[in-house]
Amino acid sequence: MFQRVKDIDLKNLRIEELFIDSMLLFSVVLFAFILIYFSNKEHSKVHKTQDVIKQETLKRVLLFVTIFFFIIALFYFLLRIYKTHEKDEFLENYNVSIEKDYTLISRKFEIIAEIMFETVLNTNEVHALMREAYGDKKEKSREALYALLIDKYRYYNRYDVRQLHFHLTNNESFLRFHRPNKYGDDLSGVRATVKWVNENHEKVQGFEEGRIYNGFRYVFPLSVSNNRGTKEHLGSVEVSFNAHAVANEFVLGHNAKVSFLVSKKRTDEKLFHEEKTNYEQSEFDDFYYDSIIKEKFRKAFNNINIEKLSPKKIEYINNTIKKGEIFTIPSEDSHSLFSVIPLKNAISHEVVGALIIERENAAFLEDEELFSFIFGGGSTLILLLFIFIYRELSVKLDYQALSLQNREILDTQKSMVLITDGFEMIDANKKLLEFYGYDSLESFKDRYSCLCETFIEDENYFHLKKVPEGITWISYLETIPHKERIVLVEDHKGNKHSFAVTTSRYNTKHHIFTFADITDTLQEQHSLENKVIHDKLTGAYNREFFELKQTEIVASTKESGRSVGIIFFDIDYFKIVNDTYGHGVGDSVLVELIEQISLSIRSNDYLIRWGGEEFIILLSANSADELVAVAENLRSKVAAHVFEYVGHMSCSFGVSLMLSDESLLETVRRADEALYISKENGRDRVSKR
């Protein structure tokens, strides 16, 4: 239904994408060349000279560099595909949001029109004057109808009602309140909505161009019951709103810039000649600007910035509007999104106009930054992985080139090394034997028939119980990802170590296993994970922090001679914010609230996001009254603050002082109960318990 991002981006390929294309092609060609070169080289069985070793090392480095660039290019393209998919999904959701907003705005004006019809137009006085329009009192009835309703029209005109227009049953214009001197013309071939209502005696609504104005029109049948109990059709009446009123709702409610277009073809066909001066050619070949509406938006600095769109995108918009579906296209710099809402004739369903909504595009910019971060970080990780693989592969190739009896070279390896045929341990280097506390492989084999027996059972590591039945542990180890090839073993001193295991074959029978000690790396990783104690959105502490630190905080507070206090608060009517403005605005309200709260508490107080819009403050106090005073200060600060997008908001607070015989969680529970007392007593207040 909606325009997809990939249909846009492929027409505007960026320079860096062309560069990656070239790099990928170059890498493939170079990779193929090197493979051919390596496949044709002769393997000497004699002892290799230093020059030969240097040459083979250079070739190996060249091969790895080529593969590295190939994988980097492939990684870039996979990331680009994922990014394109994310943009597709974002724009589809964005279009749905625009469509919902437009539906709500349209419904607002429909309600105004219906109220005006039911209270002002569909009355006995109007019915009587419309009945007289079909006799010799036609002129007098028009004058009387004008006199009856002109004040009402002027009143509703202040609320964006542009036209009030009565029509006779033969579609003749009877009275235009916006042009009372223009009447008597036949609207049958000009106003399809009027003709349809007079034929079907049912209400219709939609955008339509007229002889004087375009507008969002609501046409109602005028009928009255006669003496025979049937409905007598007296004609129709139209209430319409100009496009500025509808478009301005996006400006006021969605911080957008707007332009309004009307079909050039239909405008030329329908308008009175003298009214055509109200229109001017737009940048879109098939559409006019309504000059009056354009000038209003220009003076208010709310007109779209057409310079942000390239000629190709302008042409694309011009052609795509006619499909009648809402679509969105980014500006050249992706800083803005231009959403197009086609306006269809209510009867023919032909596209006769459009609204173009321009809004800032923070999401795409964040995606670009995230893309650059992921690509840079991923490339770095790939590089480190290649360095690791290159090192381990070099070890394997060196083992292939050397005799198994060359103990001196084998023992110089920093990692533990084991050679096995899959059933029996053939050889092991000195580092492995020293780790387990044995002086020879034979004595080690007296204790263990397989090195895998030393792997400790731990869910976070590889061990024998993870191997499916009927498969050798070596075969299974070779199938799992490298990040899962980590084992936990215990040295002869009882200390546990984590090893990354790499395996390679140097002939059809033998495997070489290398065990790299990554104990320090894993410990550092676990340490970093334990430090993730802040809420990602607001920057406040999270519940993990509470669980980790509550005992320490309670103890230190008691040592100071004060008591632990809890201030529990949440935002009043926060669900309405999310439902009305969306979760993006809701998140910004949470961030802004925490910024204000943080400025008003002490540096040794702990602000914790408890869940959703609920927060607690963990602080020291001498009494519950002191807590109430602190909470009251926070409440007044929040109430006085003007939040972006939503204006004033309030919070409800509950406070409790920790008792000597209760846990901190029980104190939190009592503060929560106090919060609900504040809610029940009208919100925006502080209660204690």
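Since we're looking at a predicted model, the values are computed, not measured.
Between H482 and F388, the ring centre distance reaches or exceeds 6.0 Å. In this structure, H534 has its ring center closer than 6.0 angstrom to the ring center of Y541.
Summarising the geometry, atom CD1 belonging to I326 is positioned 11.0 Å from atom OH belonging to Y94; distances are rounded to the nearest 0.5 Å. The CD atom of E114 lies 5.0 Å from the CZ atom of R107; values are rounded to the nearest 0.5 Å. For the atom pair M116 CE and Y153 OH, the distance stands at 8.5 Å (nearest 0.5 Å). Note that OH of Y316 and CD1 of I321 are 11.0 Å apart. Values are rounded to the nearest 0.5 Å. With rounding to the nearest 0.5 Å, the separation of CG in L599 from NE2 in H641 is 10.0 Å. Here the CD-OG1 distance, from E110 to T103, works out to 11.0 Å after rounding to the nearest 0.5 Å.
Salt-bridge check for K108 with E249: passed, with a basic side-chain N closer than 4.0 Å to an acidic carboxylate O.
Note on ring orientation: taking the six-membered ring where Trp is involved, the planes of Y279 and Y288 are tilted (angle from 30° to 60°). Ring geometry, F569 versus F653: the interplanar angle falls under 30°, so the pair is classed parallel (tilted spans 30 to 60°).
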Verdict with supporting geometry, F545 and Y606, ring-ring contact (aromatic ring centres under 6.0 Å, His included): CA-CA 10 Å; F545 170 81; Y606 299 95; 5.6 Å; yes

Trace of the salt bridge (charged side-chain N to carboxylate O under 4.0 Å, His left out) decision for E350 with R266: CA-CA 10 Å; E350 174 190 12; R266 295 304 170 211; 3.0 Å; yes

Candidate pair D286 and N318, rule side chain to side chain donor-acceptor pair (under 3.5 Å), full reasoning: CA-CA 7 Å; D286 296 331; N318 180 77; 3.1 Å; yes

Side chain to side chain donor-acceptor pair (under 3.5 Å) between K308 and S336, intermediate numbers included: CA-CA 8 Å; K308 291 184 178 181; S336 299; 2.9 Å; yes

ring-ring contact (aromatic ring centres under 6.0 Å, His included) evaluation trace for F207 with F241: CA-CA 9 Å; F207 182 83; F241 303 87; over 10 Å; no

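Within 6.0 Å of the CD atom in Q281, the count of heavy atoms belonging to other residues, nucleotides or ligands exceeds 12.
With sequence neighbours left out, the side chain to side chain contact (heavy atoms under 4.5 Å, CB included) criterion links S650 to D572, D684.
The main-chain N or O of P330 is found under 3.5 Å from a side-chain atom of K313 such that the two form a donor-acceptor pair. No side-chain donor-acceptor contact under 3.5 Å links R359 to the backbone of F338. For N248 (side chain) and V251 (main-chain N/O), no donor-acceptor pair under 3.5 Å exists by modelled atom type.
The shortest distance between side-chain heavy atoms of L537 and R609 falls below 4.5 Å. A 4.5 Å side-chain heavy-atom check between H165 and R217 finds every atom pair outside the cut-off. In this structure, the side chains of V638 and L593 come closer than 4.5 Å at one or more pairs of heavy atoms. Residues N303 and F260 fail the side-chain proximity criterion, which asks for heavy atoms closer than 4.5 Å. Inter-residue side-chain proximity for L590 and I571 is flagged as met; some heavy-atom pair is nearer than 4.5 Å.
Applying the side-chain hydrogen bond (donor to acceptor under 3.5 Å, both in side chains) test to residues at least two apart or on different chains, the pairs with a partner in residues 575-586 are K575-D579. Applying the salt bridge (charged side-chain N to carboxylate O under 4.0 Å, His left out) definition to pairs two or more places apart or across chains, none involves residues 67-76.
The side chain to side chain contact (heavy atoms under 4.5 Å, CB included) with E283 is formed by just one residue from the set I317, L261, I306; it is I306.
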